[in-house]
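What follows is a set of notes on a single structure, which appears directly below.
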2 protein chains.
Amino acid sequence: MSDDEIASIARTVTIQDVARLAGVSTATVSRALALPDRVAEATREAVFSAIRETGYTPNAAARSLRAKATRMVLVLLPGLGNSFFTPVLDALEEVFSSKGYGVLVGYARQSRSRETHYARLIRGGQVDGVLVITGNVPRDEEFVAIPESVPISLMFSDIPGTDQFSVFDVDNRLASATLVRHLIAEGHSRIAHIVGPEGSLESHERLAGFRDAHAGAGLALDESLVWRGAGNFDFVSGDRAVSDYLAAGARPTAVFAAADEIALGFMRGLKNHGVSVPGDVSVAGFDDTEYAEHYDPALTTMRQPRTELGRLAAHDLLRRMMAKGETLPRTHLRLPCELIIRESVRRL
Amino acid sequence: MSDDEIASIARTVTIQDVARLAGVSTATVSRALALPDRVAEATREAVFSAIRETGYTPNAAARSLRAKATRMVLVLLPGLGNSFFTPVLDALEEVFSSKGYGVLVGYARQSRSRETHYARLIRGGQVDGVLVITGNVPRDEEFVAIPESVPISLMFSDIPGTDQFSVFDVDNRLASATLVRHLIAEGHSRIAHIVGPEGSLESHERLAGFRDAHAGAGLALDESLVWRGAGNFDFVSGDRAVSDYLAAGARPTAVFAAADEIALGFMRGLKNHGVSVPGDVSVAGFDDTEYAEHYDPALTTMRQPRTELGRLAAHDLLRRMMAKGETLPRTHLRLPCELIIRESVRRL
DNA sequence: ACAGTAGATGTAATCGATTACAAGAATTCG
DNA sequence: CGAATTCTTGTAATCGATTACATCTACTGT
C-alpha cells in the first residue's frame, strides 16, 4: 500500500527511475517490455519488479514521437443526435480498444473552426487513421491536402469523384428499390416518399431506388408524392412531412421515409391528426435503428448491417495503419441490407 | 496547387523545414507561432509564408512530450446503447473541441482488459483529464492508484465514500419522490416501481424517493409492487417487467419505471398483451430522453438537465486542467430536475 | 585450448518542438 | 558620444522512450 501511495504522489515515474531501481540501463527496461525473450530471465524479473514497485507506465507522447504512431484513430460523425450511429461507434470502439487503439470522436457539424480543428489533428500526426461517417473529409483553412500517409475510410456514404478513400457502405439504391417493391407487392400503388436531406448522397440514392421500383413494376409515379424539404434524418423532418400528407389531393396508401427517425416522427405527427398507422396509411423506414422495433406500431424497414460494417471498417483501417509505408489498394465493401417486416405496413 | 501536392507527398514537414525555408532558427519559428509579437514583423511574415508553402503542422507528440500536456480528455461511458448519453457526449464534444481539446471515448463495459487499457491511457499521461459517466474509475491489473495530477470528474453518479472527485449530478431521490408525488396527486394510490439495475446508485436513490413519496403522503407501500430484476436501463428490462404486472394480484394503476427506456420497453410489452396506456395503466419514466417525447403515448417523466450538466462538467474540468500544479477543491454540482407531464399518465 | 558464434547489455543518437540563456543589434537618454 | 536598455534572434538543453551499434561474456565444436 505505501508503495502505491508513494508512486501516486511522487513525480511521474520515467523509464530512468525503473532502470536505476533495477540496476540496468534504460535500453534493457525498454527491451524487457517490448521483447521479453531478448533479456535474461533474472534481469527481466528485476525489471518487472521495479516496474511494479514504481507503478511505471510508459509515457505515450515520448513513445509516439519516436515510433511516429499514436495508436489513436479519429472517428468523425455528423453528431450523435441520430441513434443510427450508436451501434457503429460501439462496434468501432470495441475493435479498436481491443487492439490497443484509442478512439477520438469528432462531430463534424457545420462549423468551420471545428473542421479546422480536426484537420489539424490529422495533419499533426495526432491520429494514425480516420473514419469519416456520413460526411466529408475535413480540410483546414488553407485547404492543404491531408497527407496520404494517414489512411482514411468512409462509412455509409461515398464521396463521388474520389478514389482516394476506402468505403464501407450498402447499396442504398438497391435496398430502397427492394423495400418499395415490397410495398407494391403488398398491394400499394400510390406510394409517397419522404426524401432525406438534400445534398446527402444516400437521400439521392434512395430516391433513385424509389423510382426504380416504380419503373420496374410499370407503375406511374406521381411526382407530387415526392416530398422534399427534410432538413435532416430526424423526427422533426418526419413531423413536417405530415402536412404534405394532409395536403395531398389523392392520399397515398403507403409512405416510405428515407430513414427510421423520419418515419417515427411522421407517424407521431399523423397520430396527432387522428390518422392511424397502418389502418389509414402504411409507413416504412430505412436503417432499422433500435427504436424501429420498439415503437408502436413496430416499423417495417430495411436493416443496414451497422455493427458488422463497423467491425469490418475498423479491421480494414487497422490493417492499413499497420502497413506502414506501402499504401494498400482501396477497399470498397458493400454489405447487403435486409428487409424487416413488422407492423407498420398493411396488406391492401 | 502544385505546392499543396508537393506538401502532401513529401515526407512529413517539421519545424526544421520551415526554419530552413524562412532562413531562421527553429526557435524563431516556434516563437512566431506561440508569441507572434515577440518576433519582428518581417521575420514573422517570412515564417508564416514558409509555413503556408510547406503546409507545416506542429507534431503533437513532440509538443506533448515537452509540454507535459496532451490536450485530450477521456470520456468513459458504460456504452452508447442508451440514448441517454448522446446529448451528454454531444455537449462535452462541443465544449472541449471549441477549446482545442480532443475527446477520447471509452466504453467501460464489464471487461477487465478494457479497464486496464483505459487505466493505462490515464497513467501514461495520454489524457489531461477524465470524465467518468455513470461508472467507476478504471484501475489497472496492479490496482495502482491513478496519479492525482490528472483531474477526474464523475457525472450522474457519485462513488460513495470518496471525496476525491468532482461530481455533477442530480438529486435522484428528490426527483423520484417529486414524480411519485405527482402520480399520487393524480389520484393513484397503487403504484408500482420498476427498479433499475442492482448495484447502481441511481437505482437505489430512485427507489428511496419512491418510498419517501409514499411515506410523505401517508400511503402504505405494497412491497410486492417493487419490481426488481432489471438488468439494465434498457427496453428489455422494461419488457421483462410486464410479467410482474400481469402476475400482480391487485394490479397497480400506475407504474413508475426507473428510466425512460425501461418505461418504453414496458409500454411496448403491455401493448402486446392488449393492455393500454394510459387507459388501463399509467406509466412514468425518468430522464426525458429524446424518444420519451416522440413515443406514442408520449411519456410523462423527470427531465435530467443532461446538456447543461455536460457543459458545466466540461468547463469545470477545463479549469482544473489549466490549473497546472495546484489542485482545486472538488466541485459537487447538483442541478434540479423538471417534471415533464405528457400523455402516459391519466388522472384517476 | 582457441577461434567462432550466440546471447546479454550498455552507449548514445534520435524523434520534433519548446524555452532558458546568451549574444548581438538597435534604440534611448543624459 | 557612450552607457544603459530594449528587441530580436540563435544555441543548445530538454522532454521520455526506442533502437542501431558496440562491447563484453559465455558457450560450442574441433
Side-chain angles (χ1 to χ4, degrees), chain A residues 10-48 50-51 54-71 100 120-121 123-126 128 147 149 324, chain B residues 10-48 50-51 54-71 100 120-121 123-126 128 147 149 324:
Chain A
R11 266 328 292 143
T12 58
V13 181
T14 75
I15 198 171
Q16 313 275 356
D17 302 318
V18 177
R20 201 174 313 120
L21 187 60
V24 298
S25 73
T26 62
T28 300
V29 175
S30 182
R31 272 188 297 252
L33 248 21
L35 318 104
D37 31 284
R38 296 197 64 62
V39 308
E41 171 87 26
T43 315
R44 199 189 318 145
E45 305 234 304
V47 170
F48 282 140
I51 288 177
T54 54
Y56 166 72
T57 310
N59 177 291
R63 179 178 283 182
S64 297
L65 179 57
R66 190 73 231 261
K68 291 179 177 308
T70 58
R71 296 183 80 81
R120 287 239 181 85
L121 229 49
R123 310 204 40 256
Q126 197 128 338
D128 295 346
S149 50
K324 298 207 62 80
Chain B
R11 267 328 291 144
T12 58
V13 181
T14 73
I15 199 171
Q16 314 276 355
D17 302 317
V18 176
R20 202 174 311 120
L21 187 59
V24 297
S25 73
T26 62
T28 301
V29 176
S30 181
R31 272 187 297 252
L33 249 21
L35 320 104
D37 31 282
R38 298 196 61 63
V39 308
E41 171 88 27
T43 315
R44 199 192 316 147
E45 306 233 303
V47 170
F48 282 140
I51 287 176
T54 53
Y56 166 73
T57 309
N59 177 291
R63 179 176 284 183
S64 297
L65 178 57
R66 192 70 231 262
K68 292 180 177 306
T70 58
R71 296 183 80 81
R120 287 236 181 87
L121 228 48
R123 309 203 42 254
Q126 197 128 340
D128 295 346
S149 51
K324 298 207 64 80

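No hydrogens, no waters, no symmetry mates; every other heavy atom, side chains included, goes into these values. Below, chain A is the first sequence line, B the second, and so on; all start at residue 1.
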### Message
I want to check something: taking the side chain as every heavy atom from C-beta on, are A/T54 and A/L21 in contact at a cut-off of under 4.5 Å?
### Response
yes
### Side-chain heavy atoms of A/D17 within contact of A/T14, under 4.5 Å
yes
### Task
Output all residues satisfying side-chain contact (heavy atoms from CB on, under 4.5 Å) with A/S30, sequence neighbours left out; order by chain, then residue number.
A/I15
## Note on the structure
Contact check, residues 36-45 of chain B vs DNA chain D, heavy-atom distance under 4.0 Å, returns B/R38, B/V39, B/A40, B/T43
### Task
Indicate, with a heavy-atom threshold strictly under 4.0 Å, whether A/S30 touches base, sugar-phosphate, or nothing.
base
#### Entry: Listed once per pair and sorted, the side chain to side chain donor-acceptor pair (under 3.5 Å) pairs that draw on residues 34-43 of chain B, sequence neighbours left out
none
### Query
Which heavy atom of B/V47 sits nearest a heavy atom of B/A22, and at what distance?
CA-CB, 4.0 Å
### Query
How is A/S25 classified with respect to the nucleic acid when contacts are heavy atoms under 4.0 Å: base, sugar-phosphate, or nothing?
base
### Summary
Min and max contacting nt of DNA chain C in 5' to 3' order, chain A heavy atoms within under 4.0 angstrom, are C/dA8 to C/dG16
### Message
Can you give me the closest heavy-atom contact between B/V39 and B/A32, atom names plus distance?
### Response
CG1-N, 3.9 Å
### Message
Does any part of the side chain of A/I51, heavy atoms only, come nearer than 4.5 Å to the side chain of A/L33, both counted from C-beta?
### Response
yes
Polar-atom pairs under 3.5 Å, protein N or O versus N or O of nucleotides 20-25 of chain D: list them with distances, or write none.
none

### Message
So A/V29, base contact, sugar-phosphate only, or nothing? Heavy-atom distance under 4.0 Å.
### Response
nothing
### Query
Toward the 5' end of DNA chain D, which comes first, B/T26 or B/L65, by nearest nucleotide?
B/T26
### Query
What are the two closest non-hydrogen atoms of A/A61 and B/L65, and how far apart are they?
CB-N, 3.7 Å
### Message
Testing the basics here: between A/V13 and A/Y56, what is the closest heavy-atom pair and its distance to 0.1 Å?
### Response
O-CD1, 3.6 Å
### For the student: nearest non-hydrogen atoms of A/R71 and A/G100, plus distance
NE-O, 3.5 Å
### Query
Quick one: OG1 on A/T26 to CZ on A/R20, what's the gap to the nearest 0.5 Å?
11.0 Å
### Query
Is the side chain of A/R123 donor-acceptor paired with the backbone N or O of B/G55 at a distance under 3.5 Å, no angle test?
yes
### Query
How far does the helix from C/dA1-D/dT30 to C/dG30-D/dC1 bend, going by the axes of its first and last five pairs, to the nearest 10°?
40°
### Query
Ignoring hydrogens and geometry, is there a side-chain-to-backbone donor-acceptor pair from A/T70 to A/Q126 under 3.5 Å?
yes
